[in-house]
Amino acid sequence: MSDVERTGVQLELDGLPVLQARRRARTVALAERAPVARVCIDLPPQHLDRLFEYAVPAAMAETAVPGVRVKVRFGAQDVDAYVIERTEDAEHDGELLPIRRLVSAEPVLTPAVARLARAVADRWAGTLTDVLRLAVPARHARVEAEVETDDAPAVVPAAGGTAWAPYRGGAAFLQHVLAGGAPRAVWTALPGAAGLRWPDAIAQAVAACVLGGRGALVVVPDARDIDRVLAALVDAGIPARRAGGRGGAVRLAADDGPAVRYRAFLAALRGQADVVVGTRASAFAPVRELGLVVCWDDGDSLHAEPRAPYPHVREVLALRSELEGAALLVGGHGRTVEAQALVESGWAHDVSADRPTVRRLTPRVLALTSTELAREGAAAAARLPTPAWRTLRDRLVEGPVLVQVPRAGYVPAVACGRCRASARCGTCHGPLGLSRADGVPTCGWCGRLAADWRCLECGGAALRSVRVGSERTAEELGRAFPGVPVRVSGARAAGGVLATVRDAPALVVATPGAEPVAPGGYAAAILLDAAVSTAGSALGLLPDALRRWLAAAALVRPSSEGGSVLLVGDAEERATQALVRWDPSGLASRELAERAELALPPAVRMAALVGRRDAVLAVVRRVDVPGLDVLGPVPVEQPAPVGALEGDVRAILRVPRGSGAALARSVAASMAVRSARREGGTVRAQLDPADLG
DNA sequence: AGCACGCCGACT
DNA sequence: GTCGGCGTGCTC
């Protein structure tokens with residue numbers, strides 16, 4: 001191509017209309033080297049998910065580099081785009097339009113992240129544009145222009161891995177990371193003394209990585225966990241990055257606001273920070289020379305991205321570790337079936353403690369089921385049976401006691417006092433609940449008050465509680481233990497989620513995931529309403545219930561210090577035993593075997609297609625993969641899940657595990673045909689759907 | 001997505 | 001005879 005391009009008058013060719021007449025003749029001097037930019041256009045339709053080529057004007061020869069945002073003319077509109085690569089020659093045979101404008105000279109999309117985003121789009125049958133919207137934060141021009149002086153001292157991490165001592169393979173993992181390797185580990189974390197807990201273990205792994213000259217990325221479920229890891233990183237010699245400094249860690253969370261988020265993003269991009277600790281979207285953070293990626297508590301639903309194409313942090317980081325030659329650490333107190341599959345396929349090492357170590361570090365765990373309580377007589381039926389009450393009383397002398405309640409609120413569900421039928425809203429048939437002792441029952445779906453409620457089954461007018469929430473529990477315990485302070489922690493609690501509580505006698509009532517940390521460990525934990533946690537038929541229900549119990553139990557002192565955990569209620573037997581034995585991988589392994597027998601994920605790969613019936617059927621018909629099994633479509637359950645409308649159907653596509661990539665490719669192709677033809681309605685395609693119902 | 005072109009119904 | 005419906009096709 002010549003360095004001066006004439007986008008000239010297009011004459012009629014045989015049979016071709018004068019389509020290109022609007023490309024006005026204009027002379028643009030082009031870049032001498034690599035005058036072609038291949039760009040990803042920011043438009044949603046699936047059939048536009050490919051690169052388009054534009055000419056690079058000479059004025060942008062040095063600035064329109066891969067990764068920068070540009071404006072280009074696409075059809076009749078000006079659209080945003082990312083330069084993905086620069087090449088000498090165009091593949092497109094036809095005139096190339098010049099890039100119109102450079103939005104910013106900052107190459108925010110690194111080649112590594114661009115490759116990852118492409119792989120994620122392919123894996124989840126989505127578009128590159130959709131993934132880039134998750135991966136790259138909104139630009140903040142003022143932050144981008146901030147200049148820094150270079151005066152802060154460089155960061156020198158400390159060597160050491162004491163927090164890994166309890167785990168078989170832990171020291172080897174760290175050694176391998178330090179030496180520049182890319183080991184993959186699934187880790188079951190245990191409780192420990194201050195300085196030896198999961199944030200410390202992660203911090204020490206990160207320190208080994210940084211000491212070995214590479215950057216690290218830690219993704220945790222929520223902001224509170226970010227703070228815990230950052231605090232542990234300070235102890236490991238990696239302080240928060242200071243302006244003007246080299247090295248250190250930054251927090252990257254969407255709810256920090258655009259300026260703070262973009263500043264942290266730029267610090268990683270520019271290599272000023274070598275450690276990123278963040279939530280979900282930070283799985284795509286542009287860490288330089290990435291040596292280690294960590295996914296903490298991969299069973300937490302916050303790791304599942306709710307926006308298309310619905311990627312999961314664990315899987316994104318697994319992909320990333322392969323693409324960038326980085327080590328992978330997937331850890332938690334529990335063990336997900338998916339993580340167990342990584343171990344059993346031989347892809348990742350199991351890093352966990354042997355039985356004596358587990359017994360030494362964990363509290364004593366007891367299950368108070370109705371069989372255990374049979375000899376207690378009438379008191380057995382109580383929500384807080386006598387043995388649990390005794391434990392509370394005895395352990396409260398030693399320090400704080402944690403009470404985990406599966407439900408928030410006061411009385412989230414009520415039933416007819418006469419016939420026990422669950423109380424439903426007279427208008428929409430949603431579930432009724434109480435928010436206060438003297439309150440009127442309220443519908444959980446439409447919010448209507450049910451002042452003059454009558455049972456639809458028997459006409460009774462009296463209500464009874466069937467589920468008791470954290471607020472009511474706190475009230476009851478306060479009465480049972482007068483003089484003991486009661487704290488409530490939860491997203492919907494008056495004081496919100498508490499990060500810590502003092503090492504003094506107190507009753508700490510928390511919903512799962514909102515348990516505050518007691519620096520010296522809780523004296524005991526009571527896990528209430530165990531039956532609620534394992535009721536239902538959702539996939540992964542048991543390992544998930546165990547994960548929530550273990551998260552609370554892991555905050556309790558070891559049995560040698562009197563620490564004890566009581567599970568109260570008749571939960572599912574295997575989950576109960578797994579807690580008593582503190583054996584999450586055993587439960588996950590059995591669950592995995594069962595899934596293989598029933599042809600359920602992760603033994604197979606699935607795609608869910610949700611939308612109007614004819615639209616879903618059209619997409620399904622074009623999917624062609626060897627071994628494809630089409631289930632449904634069936635009407636989606638009520639209330640409809642997020643994004644689904646009433647009357648929508650869902651089809652499930654199932655293929656053998658090895659055909660997962662082909663399934664994603666075929667679904668994406670069918671969705672592309674759909675968008676090109678503008679078939680009506682909406683169809684949401686989701687690979688590895690979390691809620692299989 | 002947006003906009004061109006192209007082929008069939010009710011009207012200045 | 002035209003103006004205009006929205007069904008395909010294309011956009012570097």
Side-chain angles (χ1 to χ4, degrees), chain A residues 1-31 34-61 64-103 109 114 118 121 126-133 307-309 611-612 614-615 618-619 621-622 668-685:
Chain A
M1 183 180 297
S2 68
D3 60 344
V4 174
E5 196 63 37
R6 239 172 281 280
T7 307
V9 179
Q10 190 84 21
L11 299 174
E12 286 110 318
L13 299 168
D14 301 322
L16 280 178
V18 200
L19 275 176
Q20 278 134 358
R22 65 189 146 76
R23 287 179 201 167
R24 290 275 70 91
R26 189 170 315 149
T27 305
V28 184
L30 298 185
V36 176
R38 312 193 74 212
V39 311
C40 168
I41 281 176
D42 186 19
L43 289 174
Q46 199 131 15
H47 65 280
L48 296 182
D49 187 25
R50 57 194 184 87
L51 300 185
F52 288 86
E53 292 173 327
Y54 286 83
V56 180
M60 296 182 206
V65 294
V68 301
R69 299 182 221 244
V70 293
K71 282 270 190 206
V72 296
R73 192 86 190 158
F74 185 74
Q77 48 187 330
D78 271 340
V79 295
D80 286 306
Y82 285 100
V83 174
I84 301 298
E85 50 186 351
R86 288 273 299 269
T87 60
E88 270 327 302
D89 301 298
E91 275 174 25
H92 178 68
D93 42 39
E95 303 288 352
L96 300 190
L97 291 176
I99 294 173
R100 293 201 92 185
R101 174 167 89 76
L102 194 74
V103 172
L109 181 62
R118 184 65 260 172
T127 63
L128 181 57
T129 285
D130 275 350
V131 178
L132 293 180
R133 274 199 276 258
R307 290 173 292 169
R612 287 244 331 273
D614 45 356
V619 174
R621 271 195 290 271
R622 286 186 294 261
S670 179
M671 291 289 282
V673 169
R674 172 187 156 67
S675 79
R677 288 191 192 156
R678 267 146 302 185
E679 297 173 352
T682 53
V683 178
R684 194 162 56 102

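Every chain is numbered from 1, with letters handed out A, B, ... down the list of sequences. As a basis for the values below, the full set of heavy atoms in this structure was taken, side chains included, without hydrogen atoms, waters or symmetry mates.
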Student: Pick one: which of A:D80, A:L102, A:I99 meets side chain to side chain contact (heavy atoms under 4.5 Å, CB included) with A:K71?
Tutor: A:D80
Student: Can you name the side chain to side chain contact (heavy atoms under 4.5 Å, CB included) partners of A:V65, sequence neighbours left out?
Tutor: A:V68, A:P107
Student: From CZ of A:F52 over to C1' of B:dA1, roughly how many Å is that when rounded to an integer?
Tutor: 12 Å
Student: Any donor-acceptor pair, under 3.5 Å, between the side chain of A:R678 and the base of C:dG9, if you only look at N and O atoms?
Tutor: yes
Student: Side chain to side chain contact (heavy atoms under 4.5 Å, CB included) with A:R612: which residues, sequence neighbours excluded?
Tutor: A:D614, A:A615, A:D648
Student: Measure NZ/A:K71 against P/C:dC12 and give the value in whole Å, please.
Tutor: 16 Å
Student: Whole angstroms only, please: what is the CG-P distance between A:D78 and B:dG2?
Tutor: 13 Å
Student: Among residues 38-46 of chain A, which contact DNA chain B at a heavy-atom distance under 4.0 Å?
Tutor: A:P45
Student: Please name all residues satisfying side-chain hydrogen bond (donor to acceptor under 3.5 Å, both in side chains) with A:R622, sequence neighbours left out, ordered by chain then number.
Tutor: A:S670, A:E679
Student: Would you mind reading off the distance between A:H92 atom NE2 and C:dC12 atom C1', rounded to a whole angstrom?
Tutor: 5 Å
Student: Tell me: CZ of A:R674 to C1' of C:dG7, nearest whole Å?
Tutor: 16 Å
Student: In whole Å, I'd like the distance from the CZ atom of A:R677 to the P atom of B:dG2.
Tutor: 22 Å
Student: Applying side chain to side chain contact (heavy atoms under 4.5 Å, CB included), name anything that partners A:P66, two or more places apart in sequence or on another chain.
Tutor: A:R86
Student: Rounded to whole angstrom units, what separation is found between the CD atom of A:E95 and the C1' atom of C:dC10?
Tutor: 17 Å
Student: Indicate, with a heavy-atom threshold strictly under 4.0 Å, whether A:F74 touches base, sugar-phosphate, or nothing.
Tutor: base
Student: Nearest of C:dC10, C:dC12, B:dC3 to any side-chain atom of A:E53?
Tutor: C:dC12
Student: CG of A:L43 to OG1 of A:T127: how many Å apart, nearest 0.5 Å?
Tutor: 10.0 Å
Student: Taking only residues two or more places apart in sequence, or in another chain, which ones meet A:R73 in a side chain to side chain contact (heavy atoms under 4.5 Å, CB included)?
Tutor: A:D78, A:L97, A:R100
Student: If I take atom CZ in residue A:R73 and atom P in nucleotide B:dG2, what distance separates them, rounded to the nearest angstrom?
Tutor: 13 Å
